[in-house]
2 protein chains.
Amino acid sequence: MYVVNPDERIPLGRQRIVATAIALADTDGVGSLSMRRLARELGFEVMSLYNHVASKDELLSLMVDEVAGEIRLPEGEAPLAAIRELTVRTREIYRRHPWVPTLWLRQVPGPNRQVLMETQLRLFADSGLSPELAHHGFHAVGNHVLGYTLQELGMEVAMGADPDHVARDFIDGLPDDEFPHSIAHVQQHLAGETSSSFELVLDLILDGLLRLDAAGGE
Amino acid sequence: MYVVNPDERIPLGRQRIVATAIALADTDGVGSLSMRRLARELGFEVMSLYNHVASKDELLSLMVDEVAGEIRLPEGEAPLAAIRELTVRTREIYRRHPWVPTLWLRQVPGPNRQVLMETQLRLFADSGLSPELAHHGFHAVGNHVLGYTLQELGMEVAMGADPDHVARDFIDGLPDDEFPHSIAHVQQHLAGETSSSFELVLDLILDGLLRLDAAGGE
DNA sequence: ACCTGAACACCGTTCAAGT
DNA sequence: ACCTGAACACCGTTCAAGT
């Protein structure tokens with residue numbers, strides 16, 4: 001028989017801190033991620049975190065880059081098909097970590113995102129598009145996946161647990177004779193009549209780039 | 001001669017609170033907008049604000065809707081031209097109030113946004129597009145202007161005052177032989193070689209919708 | 001009706017002290 | 001090297017008290 005060492009608890013460390021922070025943000029939202037809460041979750045005091053992480057802002061950067069690393073890079077596909085695939089995967093990862101899209105912009109890219117960005121740009125460079133259209137295409141696709149997911153999640157995440165309830169309240173608050181189109185639109189969503197337009201618009205952008213290139217390069 | 005009434009100060013009121021809050025967010029960012037700071041700015045105590053506004057969240061909603069009211073609605077144009085015009089104006093307003101795009105999503109639409117949304121949907125309904133494409137088009141255009149502006153501003157606003165400086169630090173931190181495309185891309189931005197792709201992609205989306213409609217409705 | 005002071009339960013972070 | 005307690009300068013908001 002021996003006395004239990006009170007310090008048998010798993011030691012802290014960037015990796016574990018970041019992982020726990022991500023899990024916490026996934027379940028309760030970034031809004032409720034505080035250094036104090038995170039420390040409690042880990043079984044340490046707040047200030048212990050600062051031995052591994054310079055600030056909350058650095059922690060957020062590390063979290064975003066960790067998630068960026070989850071996006072599997074395509075291989076062996078034709079450039080435009082690979083771009084499409086990569087974009088669809090990005091959306092999946094965004095949806096898995098709904099707090100990421102907002103932070104994505106505010107943080108300077110870390111190593112994983114740097115690789116991701118380089119891959120995207122290389123694919124555009126190899127796509128056959130003119131350099132200028134490749135440049136615009138890179139932004140167009142990035143904006144699409146970001147804007148689309150934000151819109152999609154903004155409604156779900158920030159508006160509380162039940163988007164349907166919010167949507168219903170919203171249309172109930174509208175005088176039906178003045179806002180017929182709004183009401184019809186929201187009802188289409190509630191009825192699940194319309195499929196997601198994410199891939200439709202993505203293809204529309206990619207096809208449009210090709211068409212512009214063909215028109216400009218004749 | 002008379003004693004100056006200490007209560008000659010302009011009384012509070014939703015309108016004035018919201019206006020001051022917007023001005024404060026415009027100049028210093030939403031990050032530094034606190035109820036306490038706002039009260040100080042207005043010359044009142046914090047708790048006075050709560051006589052006019054239920055919570056900080058309500059205040060943010062009011063601010064967003066006030067800004068939504070700044071977007072001038074088009075009139076007398078053909079539907080698709082009006083949609084285009086409205087989208088360009090939305091981007092201008094977003095740029096004038098860089099804190100708006102992020103909040104836009106988290107808040108349930110107030111009266112001004114309700115009118116804006118109804119207008120957009122009516123224009124799409126009148127555009128001749130099939131109901132389904134009109135539905136998708138509404139989202140596509142909204143996502144584009146939101147995602148594009150967020151990307152554009154995310155870099156400028158959140159990364160500190162000098163985006164060029166950040167960009168330079170970014171490429172300096174990259175091993176040049178491994179990230180040639182990233183470096184080239186950022187350099188294109190720094191050199192101002194590429195014009196904004198906002199309208200280019202917007203047209204690409206609008207044209208693509210028309211083309212899809214023509215193909216589907218033959 | 002509108003304003004306010006004290007108080008509560010939170011934040012992120014500094015700094016000096018422990019082992 | 002890593003952990004911690006006390007302290008600082010902040011938050012949003014409740015509630016009872018003033019006019």
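Just so it is clear: chains get the letters A, B, ... in the order the sequence lines come, proteins before strands, and each one is counted from 1.
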**Message:** Test of understanding: with side chain to side chain contact (heavy atoms under 4.5 Å, CB included), list the residues that count as partners of B:A140, not counting sequence neighbours.
**Reply:** A:V201, B:I205

**Message:** Output the rounded distance in Å from CG (B:L49) to P (C:dC2).
**Reply:** 14 Å

**Request:** Identify whether NZ of Lys or CZ of Arg in A:R91 sits under 6.0 Å from the centre of the six-membered ring of A:Y148 and within 45° of that ring's axis.
**Result:** no

**Request:** Taking salt bridge (charged side-chain N to carboxylate O under 4.0 Å, His left out) as the test, write out the residues that go with B:E199, two or more places apart.
**Result:** B:R84

**Request:** Check whether any side-chain nitrogen or oxygen of B:H52 sits under 4.0 Å from OP1 or OP2 of C:dC3, and answer yes or no.
**Result:** yes

**Fill in**
With the side chain defined as heavy atoms from C-beta on, B:N51 is closest, among D:dG5, D:dC3, C:dC2, to C:dC2

**Prompt:** Quick one: salt bridge (Lys or Arg N to Asp or Glu O under 4.0 Å) pairs with a partner in residues 46-67 of chain A, sequence neighbours left out?
**Reply:** A:R14-A:E58

**Fill in**
A:F44 CZ to D:dA1 P, in whole Å, measures 18 Å

**Message:** Looking at B:E85 and B:R89, is there a salt bridge between them, counting it only when a charged N and a carboxylate O are closer than 4.0 Å?
**Reply:** yes

**Message:** Filter on salt bridge (Lys or Arg N to Asp or Glu O under 4.0 Å), then keep only pairs touching residues 21-37 of chain B, sequence neighbours left out; what's left?
**Reply:** B:D28-B:R37, B:R37-B:E41

**Prompt:** Is DNA chain C part of any stem, that is, at least 3 consecutive Watson-Crick or G-U pairs with both distances under 3.5 Å, and where?
**Reply:** C:4-8 with D:12-16, C:12-16 with D:4-8

**Item:** Close side-chain approach of B:L73 to B:V115, heavy-atom, < 4.5 Å
**Value:** yes

**Nearest-Å distance for atom pair CG/P, residues B:L38 and D:dC10** = 16 Å

**Heavy-atom protein contacts under 4.0 Å, nucleotides 12-19 of chain D, coded B base, S sugar-phosphate only, - none** = BBBB----

**Message:** So that I know where these two stand, are B:H144 and A:H144 an aromatic pair - ring centroids less than 6.0 Å apart?
**Reply:** no

**Message:** Taking the ring of A:H185 and the ring of A:H189, is the distance between their centroids below 6.0 Å?
**Reply:** yes

**Request:** Could you state the atom-to-atom distance from CD1 of A:I17 to C1' of D:dC2 in whole Å?
**Result:** 11 Å

**Message:** I need the CD-C1' distance between B:E45 and C:dA7, as an integer number of Å.
**Reply:** 15 Å

**Prompt:** Under 4.0 Å between a side-chain N/O of B:S48 and OP1 or OP2 of C:dC2, yes or no?
**Reply:** no

